[in-house]
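Accompanying notes for the structure given below.
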Amino acid sequence: VTANKMAARQLLRGALGLQSRLAASTVVCATTTPGGVFFAGLSNRRLHHSLHRHHHHFHCIAGSITRRHRSRSAHTLSPTLRHVIDSAAHGQEDEGGIQGEPGSIRVQGWVSARRRQKRVAFITITDGTASLQVVGPPELCTADVTVGAAVVATGSIVESPGGGQAFELQCAGLEVIGPCDHEGYVLQNKRHSAEFLREHLHLRCRTEEARALARSRSGLRRFLQDYFHDNEFLQVDTPILTTNDCEGGGDVFNVRAPADDAKDAADDRPPFFGAATYLTVSGQLHLEVMAGAFPRVFCLGPAFRAENSHTTRHLAEFYMLEAEMAFADLDDNLSVIEACLQSALAQLQSSNAKDLEVLHAANPSTAPEQNLLNTMIQRPFARITYTEALTAIADKAPQLRPLSWGIDLGFEHESWLTKHCGGPVFVTHYPATLRPFYMKQSETQQGPQGQPVVDAVDLLVPRVGELAGGSAREDCAVKLSKRMLEQGLGEEYGWYLDLRKFGSTPHAGFGVGFERLLQLATGVSNIRDTVPFPRHAGACRL
């Protein structure tokens, strides 16, 4: 520990260019990792804020700081606007300088706003990573410098005397390399409704809110993957085409080859894949295969459901984060779900703070729930059983649709439970009749009249409802075979039964709806606005 603290202080001193040595008490605790030195705590608040400003050296997350490793591989791409602005903030020479013209740089992007005055012109350009104000003579605003046009500007980065930005480009020259037809361009420098933008999906990503959402989506995906990689989970690419219906609900898309449709009744050739084939609804069963060789596995990929739903919480094509763990039970499942969500949301809140501000401001109707992000990060999730949930609803929410034991919770009940519990809540031990065949029957819980329940869980959150679901998996071949027979499952699942015959372990897993998690984090009211190209009942544009 002492050696780690010493290394940490040396790293801090070098990164910040400090001349004097740091006191031994500066670093509360630190540990070495394959990625550098991890600081679990800093005693000096001013030093901590200084590190946040030096984020080209460090990555600061929820009070912890890790050394960033940047790729040094050579490329010829021009620097992004974010890189240019960050370099200016840290007093560095930018890599995008023009040869033979010290201090002059070249930037490129799309015009998002323009303003021409008598003696000066202001043009705002953006490239999706940041925005930069370009200042120059009125002649800059030529007729072809319109909102949406692609431009290249040259000049010098200076501190901005005006408000709203720290730096601006004193422009020496501007070239339009991609004109934008002003008359036909539907996006202007104003706010457009979500419904209008869904009608113009090929242009929606150019709006400020869509850019903020795309960055948040990319960040959240990366932070979730970081959690699993840091905890030694193996990432697996599960197939999109499959011959099984994991959820057993029947809402699957059938996949057929042209040759299959061309066959007549007398043609006895097998279908293209040799059996009925579907778009996957879950990677779980394939992850269970891999969990027979690796103790922890996960995937983050597309799933498809042919559910004719038109709510603000459903898509026909969506992404699922799924994990399977060997040598694990239901309690382990709940622990990992809570930890991975809290870790990813904390990193998103830290790294994408400005994006979240933009999105929350654009969705004022969700303002009452925006504090939920802090609640999810800072507090343990509540836990109740299905039976306890029904009792609470019957005693304290008589206005809701009555539920008898064995009936699944509806969205109205899920919403009430999250309010009753003050935030996210795990509901566990559902009736066996409500859950798929692979879930393990509980050895400690049962219904009020001795009915069997399974070691299953749903994570309910405000506004979204069910965010995650999982269970301990049945690891006994005899019990699983009996359950499969009861549900009419035949030889096509023989391979799944084999997993219980050859080195089976107690294991558990779960799935998280990625778009619903993004909806929760950003305050976006309609799930169709969390993906660039939404697919749902009645719509598959582009």
Side chains of M325 and N333: closer than 4.5 Å at any heavy-atom pair?
yes
Is there a donor-acceptor contact under 3.5 Å from the side chain of R211 to the main chain of R206?
yes
Using the salt bridge (charged side-chain N to carboxylate O under 4.0 Å, His left out) rule, take R198 and D529 through it: C-alpha gap first, then chi angles, then the decisive distance, then the call.
CA-CA 8 Å; R198 287 186 212 122; D529 300 323; 2.9 Å; yes
N/O donor-acceptor pair under 3.5 Å between R305 side chain and F318 backbone
no
Separation of L285 CG from T238 OG1 (nearest 0.5 Å):
10.5 Å
Donor-acceptor under 3.5 Å (E515 side chain, Y319 main chain):
yes
Test log, rule side-chain contact (heavy atoms from CB on, under 4.5 Å), inputs R191 and T207
CA-CA 8 Å; R191 176 162 166 71; T207 64; over 6 Å; no
More than 12 non-hydrogen atoms from neighbouring residues, nucleotides or ligands closer than 6.0 Å to CZ on F411, yes or no?
yes
Taking all non-hydrogen atoms of both residues into account, name the closest pair between S525 and R463 and its distance.
CA-NH1, 4.0 Å
List the residues meeting side-chain hydrogen bond (donor to acceptor under 3.5 Å, both in side chains) with E307, not counting sequence neighbours, and say none if there are none.
none
Looking at S415 and E412, would you say the former's side chain and the latter's main chain have a donor-acceptor pair under 3.5 Å?
no
Under a 3.5 Å cutoff, is there a donor and acceptor pairing between the side chains of N363 and E209?
no
For residues F233 and E324, report the shortest heavy-atom separation together with the two atoms involved.
CE2-O, 4.3 Å
Using a 3.5 Å distance criterion without hydrogens, assess whether the side chain of S343 forms a donor-acceptor pair with backbone atoms of A339.
no
Correct closest heavy-atom pair for L287 and A323 would be CD1-N, 4.0 Å
Spacing of CG belonging to L409 relative to CG belonging to L403, to within rounding of 0.5 Å:
6.0 Å
Closest non-hydrogen atom pair between F381 and L459, with its separation
CD1-CD1, 3.8 Å
Could you walk me through whether H229 and F298 satisfy the ring pair (Phe, Tyr, Trp, His ring centres under 6.0 Å) test, starting with their C-alpha distance in whole Å, then the side-chain angles of each, then the deciding distance to 0.1 Å, before giving a yes or no?
CA-CA 9 Å; H229 289 308; F298 83 102; 5.5 Å; yes
Less than 6.0 Å separating the ring centroids of H200 and Y185?
no
Mind checking the OG-CD spacing from S160 to Q133? Nearest 0.5 Å is all I need.
5.5 Å
Verdict with supporting geometry, E199 and R541, salt bridge (charged side-chain N to carboxylate O under 4.0 Å, His left out)
CA-CA 9 Å; E199 296 296 318; R541 297 177 181 271; 3.0 Å; yes
Atom of A344, atom of L220 and distance for their closest heavy-atom approach
CB-CD1, 4.0 Å
Counting C-beta onward and ignoring hydrogens, is there a side-chain heavy-atom pair between L187 and L197 closer than 4.5 Å?
yes
Would you sort out whether E322 and S282 count as a side-chain contact (heavy atoms from CB on, under 4.5 Å), showing the intermediate values?
CA-CA 8 Å; E322 299 180 86; S282 170; 2.5 Å; yes
Write down the atom of G406, the atom of P431, and the distance for their closest heavy-atom approach.
CA-CG, 4.0 Å
Please answer whether the main-chain N or O of V454 pairs with a side-chain N or O of R435 as donor and acceptor at a distance below 3.5 Å.
no
Regarding H83 and T80, is there a side-chain donor-to-acceptor distance under 3.5 Å anywhere?
no
Under 6.0 Å from the CG atom of D395, do we count more than 12 heavy atoms belonging to anything else shown?
yes
Trace of the side-chain contact (heavy atoms from CB on, under 4.5 Å) decision for Y386 with H429:
CA-CA 6 Å; Y386 165 87; H429 298 99; 5.6 Å; no
Restricting to side-chain hydrogen bond (donor to acceptor under 3.5 Å, both in side chains), what partner residues turn up for Y430, sequence neighbours left out?
D458
Polar side chain donor-acceptor pair, Y438 to Q284, under 3.5 angstrom
yes
Mark yes when over 12 heavy atoms from residues, nucleotides or ligands other than Q399 sit less than 6.0 Å from its CD; otherwise mark no.
yes
Just checking, any donor-acceptor pair under 3.5 angstrom between side chains of D455 and S442?
yes
I'd like to know if the side chain of H413 and the backbone of D408 have a donor-acceptor N/O pair within less than 3.5 Å.
no
List the steps and the verdict of side-chain contact (heavy atoms from CB on, under 4.5 Å) for T522 and L356.
CA-CA 6 Å; T522 60; L356 295 181; 4.1 Å; yes
Just by distance, do the side chain of R516 and the backbone of E466 share a donor-acceptor pair under 3.5 Å?
yes
Sorted by chain and residue number, the salt bridge (charged side-chain N to carboxylate O under 4.0 Å, His left out) partners of R221 (sequence neighbours excluded) come out as none
Straight-line distance of S216 OG to F223 CZ, nearest 0.5 Å:
9.0 Å
Would you say the side-chain atoms of T530 and R528 include a donor-acceptor pair closer than 3.5 Å?
no
Rounded to the nearest 0.5 angstrom, the CG-CZ distance for L213 and R204 is 8.0 Å
First locate atom CG of L460, then atom CH2 of W416, and finally report the distance between them rounded to the nearest 0.5 Å.
12.0 Å
Taking the side chain as C-beta and beyond, is there a heavy-atom pair between T385 and T428 under 4.5 Å?
yes
Q188 side chain vs V186 backbone, donor-acceptor pair below 3.5 Å:
no
Determine whether K440 and D329 satisfy the following criterion, salt bridge (charged side-chain N to carboxylate O under 4.0 Å, His left out), listing intermediate values before the conclusion.
CA-CA 10 Å; K440 185 179 182 67; D329 58 18; over 6 Å; no
